Number of protein chains: 2
Amino acid sequence: MNKRFSESIEIDLRSDLPIYLQIIEQVKRQIADETLKPGDQLPTVRALAEELRINFNTVARSYRMLDEAGVISTQQGRGTYITEKPPPMGSEHLRRESLTALASRYVREARRLGFSFDEIRQYLQDQLEVQPEINNEGE
Amino acid sequence: MNKRFSESIEIDLRSDLPIYLQIIEQVKRQIADETLKPGDQLPTVRALAEELRINFNTVARSYRMLDEAGVISTQQGRGTYITEKPPPMGSEHLRRESLTALASRYVREARRLGFSFDEIRQYLQDQLEVQPEINNEGE
DNA sequence: GTCCAAATTGTATCATTGTATCAATGTACT
DNA sequence: AGTACATTGATACAATGATACAATTTGGAC
(Lines give C-alpha, C1' and ligand atoms only; values in the text may rest on other atoms or scores of the structure.)
Protein backbone atom coordinates (compact mmCIF):
# COMPACT_ATOMS: atom_id res chain seq x y z
CA MET A 1 0.00 0.00 0.00
CA ASN A 2 2.61 2.49 1.03
CA LYS A 3 5.32 1.11 -1.12
CA ARG A 4 5.69 4.59 -2.47
CA PHE A 5 6.56 5.82 0.99
CA SER A 6 9.20 3.29 1.83
CA GLU A 7 10.74 3.77 -1.57
CA SER A 8 11.03 7.50 -1.12
CA ILE A 9 12.71 7.23 2.25
CA GLU A 10 16.45 7.56 2.11
CA ILE A 11 18.90 7.24 4.94
CA ASP A 12 22.60 7.97 5.00
CA LEU A 13 24.54 5.65 7.25
CA ARG A 14 27.55 7.94 7.09
CA SER A 15 25.66 10.95 8.32
CA ASP A 16 26.34 11.93 11.89
CA LEU A 17 22.59 12.28 12.31
CA PRO A 18 21.23 9.05 13.84
CA ILE A 19 19.16 6.81 11.60
CA TYR A 20 16.08 7.02 13.81
CA LEU A 21 16.14 10.82 13.55
CA GLN A 22 16.53 10.69 9.78
CA ILE A 23 13.40 8.55 9.58
CA ILE A 24 11.48 10.89 11.87
CA GLU A 25 12.48 13.88 9.77
CA GLN A 26 11.37 12.33 6.53
CA VAL A 27 8.06 11.08 7.85
CA LYS A 28 7.26 14.54 9.16
CA ARG A 29 8.30 16.14 5.91
CA GLN A 30 6.19 13.78 3.81
CA ILE A 31 3.22 14.60 6.02
CA ALA A 32 3.94 18.30 5.59
CA ASP A 33 4.08 18.09 1.80
CA GLU A 34 1.06 15.75 1.83
CA THR A 35 2.83 12.76 0.40
CA LEU A 36 1.41 11.08 3.49
CA LYS A 37 -2.18 11.88 4.44
CA PRO A 38 -4.17 11.27 7.62
CA GLY A 39 -5.28 7.65 7.85
CA ASP A 40 -2.49 6.35 5.67
CA GLN A 41 -0.78 3.25 6.96
CA LEU A 42 2.98 3.31 7.23
CA PRO A 43 5.09 0.26 6.46
CA THR A 44 5.45 -2.21 9.30
CA VAL A 45 8.58 -1.77 11.35
CA ARG A 46 10.01 -4.95 9.84
CA ALA A 47 9.11 -4.08 6.25
CA LEU A 48 10.68 -0.63 6.40
CA ALA A 49 13.70 -2.00 8.22
CA GLU A 50 14.26 -4.59 5.52
CA GLU A 51 13.86 -1.91 2.85
CA LEU A 52 16.49 0.28 4.49
CA ARG A 53 18.72 -2.64 5.49
CA ILE A 54 18.63 -1.71 9.15
CA ASN A 55 17.39 -3.27 12.36
CA PHE A 56 13.63 -3.09 12.89
CA ASN A 57 14.15 -1.80 16.41
CA THR A 58 15.53 1.39 14.93
CA VAL A 59 12.34 1.86 12.92
CA ALA A 60 10.30 0.98 15.99
CA ARG A 61 12.12 3.68 17.91
CA SER A 62 11.27 6.25 15.25
CA TYR A 63 7.63 5.21 15.24
CA ARG A 64 7.42 5.33 19.02
CA MET A 65 8.77 8.87 19.14
CA LEU A 66 6.47 9.98 16.34
CA ASP A 67 3.62 8.40 18.27
CA GLU A 68 4.58 10.28 21.41
CA ALA A 69 4.60 13.47 19.35
CA GLY A 70 1.06 12.68 18.23
CA VAL A 71 2.01 12.54 14.58
CA ILE A 72 1.23 8.86 14.07
CA SER A 73 -0.62 6.16 15.96
CA THR A 74 1.13 2.87 16.63
CA GLN A 75 -1.09 -0.05 17.56
CA GLN A 76 0.41 -3.33 18.64
CA GLY A 77 -0.73 -6.14 16.39
CA ARG A 78 -2.39 -3.74 13.94
CA GLY A 79 0.13 -1.35 12.48
CA THR A 80 0.96 2.34 12.38
CA TYR A 81 -1.18 5.05 10.86
CA ILE A 82 -0.97 8.76 10.27
CA THR A 83 -3.09 10.49 12.89
CA GLU A 84 -6.53 11.38 11.53
CA LYS A 85 -6.48 14.88 12.90
CA PRO A 86 -2.86 15.84 12.58
CA PRO A 87 -3.12 19.00 14.67
CA PRO A 88 -1.00 18.29 17.69
CA MET A 89 1.20 21.12 16.54
CA GLY A 90 -0.49 22.48 13.46
CA SER A 91 0.52 21.81 9.90
CA GLU A 92 2.23 25.17 9.60
CA HIS A 93 4.49 24.34 12.52
CA LEU A 94 5.26 20.95 11.03
CA ARG A 95 6.02 22.57 7.72
CA ARG A 96 8.51 25.02 9.21
CA GLU A 97 10.01 22.31 11.36
CA SER A 98 10.68 20.32 8.20
CA LEU A 99 12.41 23.23 6.52
CA THR A 100 14.60 23.73 9.56
CA ALA A 101 15.56 20.07 9.40
CA LEU A 102 16.38 20.34 5.70
CA ALA A 103 18.52 23.44 6.21
CA SER A 104 20.21 21.83 9.16
CA ARG A 105 21.10 18.77 7.16
CA TYR A 106 22.42 20.83 4.27
CA VAL A 107 24.71 22.84 6.53
CA ARG A 108 25.81 19.80 8.49
CA GLU A 109 26.82 17.75 5.47
CA ALA A 110 28.43 20.69 3.72
CA ARG A 111 30.49 21.51 6.79
CA ARG A 112 31.44 17.85 6.95
CA LEU A 113 32.90 18.22 3.46
CA GLY A 114 34.90 21.16 4.69
CA PHE A 115 33.12 23.99 2.93
CA SER A 116 33.03 27.52 4.29
CA PHE A 117 29.88 29.42 5.11
CA ASP A 118 30.34 31.61 2.07
CA GLU A 119 30.60 28.59 -0.20
CA ILE A 120 27.51 27.06 1.38
CA ARG A 121 25.58 30.27 0.73
CA GLN A 122 26.94 30.62 -2.80
CA TYR A 123 26.01 27.10 -3.88
CA LEU A 124 22.52 27.59 -2.51
CA GLN A 125 22.20 30.79 -4.50
CA ASP A 126 23.35 28.98 -7.64
CA GLN A 127 20.68 26.35 -7.14
CA LEU A 128 18.00 28.95 -6.53
CA GLU A 129 18.85 30.45 -9.89
CA VAL A 130 18.95 27.08 -11.61
CA GLN A 131 15.75 25.73 -10.10
CA PRO A 132 13.05 28.25 -11.01
CA GLU A 133 9.44 27.83 -10.00
CA ILE A 134 9.30 24.26 -11.15
CA ASN A 135 8.76 21.38 -8.80
CA ASN A 136 8.94 17.96 -10.29
CA GLU A 137 12.37 16.94 -11.28
CA GLY A 138 13.03 13.25 -11.54
CA GLU A 139 14.85 12.08 -8.45
CA MET B 1 34.99 -11.65 10.28
CA ASN B 2 38.13 -9.65 9.72
CA LYS B 3 40.20 -11.84 11.93
CA ARG B 4 42.77 -11.85 9.20
CA PHE B 5 43.04 -8.12 9.53
CA SER B 6 43.48 -7.94 13.26
CA GLU B 7 45.97 -10.76 13.18
CA SER B 8 48.06 -9.00 10.58
CA ILE B 9 48.18 -5.75 12.49
CA GLU B 10 51.27 -5.26 14.53
CA ILE B 11 52.16 -2.39 16.79
CA ASP B 12 55.41 -1.56 18.49
CA LEU B 13 54.91 -0.03 21.91
CA ARG B 14 58.51 1.09 21.95
CA SER B 15 58.31 2.93 18.69
CA ASP B 16 58.41 6.68 18.93
CA LEU B 17 55.46 6.66 16.56
CA PRO B 18 52.20 6.82 18.57
CA ILE B 19 50.06 3.71 18.60
CA TYR B 20 47.10 5.43 16.97
CA LEU B 21 49.28 6.52 14.08
CA GLN B 22 50.66 3.01 13.66
CA ILE B 23 47.13 1.70 13.37
CA ILE B 24 46.20 4.37 10.86
CA GLU B 25 49.19 3.62 8.68
CA GLN B 26 48.55 -0.11 8.65
CA VAL B 27 44.90 0.29 7.81
CA LYS B 28 45.80 2.58 4.94
CA ARG B 29 48.44 0.16 3.74
CA GLN B 30 46.08 -2.81 3.81
CA ILE B 31 43.57 -0.79 1.82
CA ALA B 32 46.29 0.11 -0.66
CA ASP B 33 47.33 -3.49 -1.23
CA GLU B 34 43.68 -4.56 -1.23
CA THR B 35 43.87 -6.71 1.84
CA LEU B 36 40.96 -4.55 2.89
CA LYS B 37 38.30 -3.81 0.29
CA PRO B 38 35.46 -1.30 0.18
CA GLY B 39 32.56 -2.49 2.31
CA ASP B 40 34.71 -4.68 4.54
CA GLN B 41 34.01 -4.37 8.21
CA LEU B 42 36.91 -3.67 10.52
CA PRO B 43 37.17 -5.19 13.98
CA THR B 44 35.25 -3.38 16.70
CA VAL B 45 37.27 -0.91 18.70
CA ARG B 46 37.14 -3.21 21.68
CA ALA B 47 38.02 -6.37 19.76
CA LEU B 48 41.05 -4.83 18.10
CA ALA B 49 42.10 -3.21 21.36
CA GLU B 50 42.02 -6.56 23.13
CA GLU B 51 43.96 -8.15 20.31
CA LEU B 52 46.67 -5.50 20.57
CA ARG B 53 46.50 -5.31 24.38
CA ILE B 54 45.78 -1.60 24.33
CA ASN B 55 42.96 0.66 25.40
CA PHE B 56 39.96 0.71 23.09
CA ASN B 57 39.96 4.48 23.14
CA THR B 58 43.20 4.46 21.22
CA VAL B 59 41.65 2.33 18.50
CA ALA B 60 38.62 4.59 18.53
CA ARG B 61 40.88 7.56 17.97
CA SER B 62 42.47 5.89 14.96
CA TYR B 63 39.07 5.03 13.54
CA ARG B 64 37.80 8.54 14.09
CA MET B 65 40.70 10.11 12.23
CA LEU B 66 40.39 7.62 9.39
CA ASP B 67 36.72 8.49 9.26
CA GLU B 68 37.46 12.21 9.04
CA ALA B 69 39.89 11.45 6.23
CA GLY B 70 37.07 9.64 4.41
CA VAL B 71 38.89 6.32 4.40
CA ILE B 72 36.44 4.46 6.61
CA SER B 73 32.93 5.03 7.93
CA THR B 74 32.32 4.68 11.66
CA GLN B 75 28.72 4.13 12.64
CA GLN B 76 27.71 4.16 16.27
CA GLY B 77 26.00 0.94 17.27
CA ARG B 78 26.81 -0.70 13.95
CA GLY B 79 30.54 -0.86 13.41
CA THR B 80 33.20 0.53 11.09
CA TYR B 81 33.46 -0.14 7.38
CA ILE B 82 35.82 0.64 4.56
CA THR B 83 34.35 3.47 2.51
CA GLU B 84 32.68 2.32 -0.67
CA LYS B 85 34.28 5.08 -2.68
CA PRO B 86 37.95 4.48 -1.92
CA PRO B 87 39.18 7.86 -3.22
CA PRO B 88 38.62 10.04 -0.14
CA MET B 89 37.31 12.99 -2.10
CA GLY B 90 40.73 13.59 -3.51
CA SER B 91 39.66 15.81 -6.34
CA GLU B 92 38.25 19.21 -5.76
CA HIS B 93 35.85 18.55 -8.58
CA LEU B 94 34.14 15.65 -6.82
CA ARG B 95 33.93 17.62 -3.63
CA ARG B 96 32.15 20.49 -5.34
CA GLU B 97 29.83 18.13 -7.14
CA SER B 98 28.79 16.77 -3.75
CA LEU B 99 28.00 20.25 -2.47
CA THR B 100 25.97 20.99 -5.58
CA ALA B 101 23.96 17.84 -5.00
CA LEU B 102 23.33 18.80 -1.39
CA ALA B 103 22.24 22.31 -2.30
CA SER B 104 20.05 21.00 -5.10
CA ARG B 105 18.30 18.64 -2.77
CA TYR B 106 17.73 21.30 -0.18
CA VAL B 107 16.14 23.63 -2.71
CA ARG B 108 14.04 20.88 -4.27
CA GLU B 109 12.57 19.64 -1.00
CA ALA B 110 12.02 23.14 0.33
CA ARG B 111 10.22 24.18 -2.85
CA ARG B 112 8.11 21.07 -2.54
CA LEU B 113 7.04 22.28 0.88
CA GLY B 114 6.00 25.52 -0.75
CA PHE B 115 8.59 27.89 0.62
CA SER B 116 9.78 31.04 -1.13
CA PHE B 117 13.35 31.74 -2.07
CA ASP B 118 13.65 34.28 0.71
CA GLU B 119 12.48 31.76 3.28
CA ILE B 120 14.87 29.14 1.94
CA ARG B 121 17.72 31.62 2.27
CA GLN B 122 16.61 32.76 5.70
CA TYR B 123 16.39 29.25 7.19
CA LEU B 124 19.83 28.46 5.84
CA GLN B 125 21.19 31.61 7.45
CA ASP B 126 19.61 30.61 10.75
CA GLN B 127 21.36 27.26 10.62
CA LEU B 128 24.69 28.83 9.72
CA GLU B 129 24.42 30.90 12.88
CA VAL B 130 23.45 27.92 15.00
CA GLN B 131 25.92 25.32 13.84
CA PRO B 132 29.42 25.92 15.22
CA GLU B 133 32.75 25.87 13.49
CA ILE B 134 34.47 22.55 13.63
CA ASN B 135 38.06 22.21 14.70
CA ASN B 136 39.90 20.39 12.01
CA GLU B 137 42.71 18.56 13.69
CA GLY B 138 44.86 15.98 11.98
CA GLU B 139 45.71 15.78 8.29
C1' DG C 1 -21.12 -18.27 13.68
C1' DT C 2 -17.43 -20.03 17.34
C1' DC C 3 -13.12 -21.40 18.51
C1' DC C 4 -8.40 -22.02 18.37
C1' DA C 5 -3.76 -22.11 16.31
C1' DA C 6 -0.68 -19.63 13.39
C1' DA C 7 0.93 -15.49 11.41
C1' DT C 8 1.58 -10.59 11.83
C1' DT C 9 2.69 -6.41 14.26
C1' DG C 10 4.45 -3.50 17.83
C1' DT C 11 6.93 -3.77 22.69
C1' DA C 12 10.36 -4.66 26.21
C1' DT C 13 14.90 -5.81 27.65
C1' DC C 14 19.50 -6.48 27.24
C1' DA C 15 23.90 -6.91 24.52
C1' DT C 16 27.00 -4.70 21.26
C1' DT C 17 29.37 -0.80 19.26
C1' DG C 18 31.08 3.79 18.73
C1' DT C 19 31.25 8.61 21.28
C1' DA C 20 32.22 12.13 24.75
C1' DT C 21 34.55 13.67 28.71
C1' DC C 22 37.91 13.85 31.84
C1' DA C 23 41.99 11.83 34.39
C1' DA C 24 46.59 9.89 34.33
C1' DT C 25 51.03 9.47 32.17
C1' DG C 26 54.90 10.90 29.62
C1' DT C 27 57.91 14.15 27.03
C1' DA C 28 59.83 18.54 25.72
C1' DC C 29 60.93 23.06 26.75
C1' DT C 30 61.58 27.01 29.89
C1' DA D 1 60.98 22.42 39.44
C1' DG D 2 57.29 23.78 36.46
C1' DT D 3 54.46 24.37 32.50
C1' DA D 4 52.44 22.84 28.23
C1' DC D 5 51.24 19.55 25.12
C1' DA D 6 50.45 14.93 23.27
C1' DT D 7 49.21 10.23 24.20
C1' DT D 8 46.79 6.81 26.54
C1' DG D 9 43.40 5.05 30.07
C1' DA D 10 38.81 4.99 32.71
C1' DT D 11 34.07 5.80 32.86
C1' DA D 12 29.55 7.07 31.49
C1' DC D 13 26.65 7.62 27.54
C1' DA D 14 24.10 7.22 22.89
C1' DA D 15 22.74 4.46 18.91
C1' DT D 16 21.94 0.09 17.01
C1' DG D 17 21.24 -5.03 17.03
C1' DA D 18 19.35 -9.57 18.85
C1' DT D 19 15.88 -11.99 21.15
C1' DA D 20 11.78 -13.02 23.57
C1' DC D 21 7.17 -11.33 24.44
C1' DA D 22 2.19 -9.38 24.05
C1' DA D 23 -1.76 -7.73 21.28
C1' DT D 24 -4.23 -8.28 17.10
C1' DT D 25 -5.61 -10.25 12.89
C1' DT D 26 -6.34 -14.19 9.89
C1' DG D 27 -7.95 -18.53 8.37
C1' DG D 28 -9.39 -23.14 8.78
C1' DA D 29 -12.03 -26.82 11.67
C1' DC D 30 -16.11 -27.62 13.63
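Proteins come first, then strands; the chains are lettered A, B, ... in the order of their sequence lines, and each starts at number 1. Bear in mind the structure is a predicted one, so any value in this text is a computation, not a measurement.
- Taking a cutoff of 4.0 Å between a charged side-chain nitrogen and a carboxylate oxygen, A:Arg112 and A:Glu109 qualify as a salt bridge.
- Mapping heavy-atom proximity under 4.0 Å, the span of DNA chain D touched by chain A runs 5' to 3' from D:dA15 to D:dT25.
- Residues passing the side-chain hydrogen bond (donor to acceptor under 3.5 Å, both in side chains) test with B:Arg29, sequence neighbours excluded: none.
- Residues passing the side-chain hydrogen bond (donor to acceptor under 3.5 Å, both in side chains) test with B:Glu34, sequence neighbours excluded: none.
- Contacts of A:Ser116 classified as side-chain hydrogen bond (donor to acceptor under 3.5 Å, both in side chains), with partners at least two apart in sequence or in another chain: A:Glu119.
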Under 4.0 Å protein heavy-atom contact, by nucleotide of nucleotides 16-27 of chain C - B base, S sugar-phosphate only: -BBBB-------

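- Taking atom CG of residue A:Leu48 and atom P of nucleotide C:dT9, one finds them 13 Å apart after rounding to whole Å.
- Salt bridge present: B:Arg121 and B:Asp118 bring a charged side-chain N and a carboxylate O closer than 4.0 Å.
- Of the residues near DNA chain D, B:Arg53 and A:Tyr20, the one whose nearest nucleotide (by heavy atom distance) lies more toward the 5' end is B:Arg53.
- Under a 3.5 Å cut-off, the side chain of B:Thr80 and the backbone N or O of B:Ser73 do not form any donor-acceptor pair.
- Residues meeting the side-chain hydrogen bond (donor to acceptor under 3.5 Å, both in side chains) test with A:Asp67, sequence neighbours left out: none.
- Between A:Arg95 and A:Glu92 there is a salt bridge, since a side-chain N of the basic residue sits under 4.0 Å from a carboxylate O of the acidic one.
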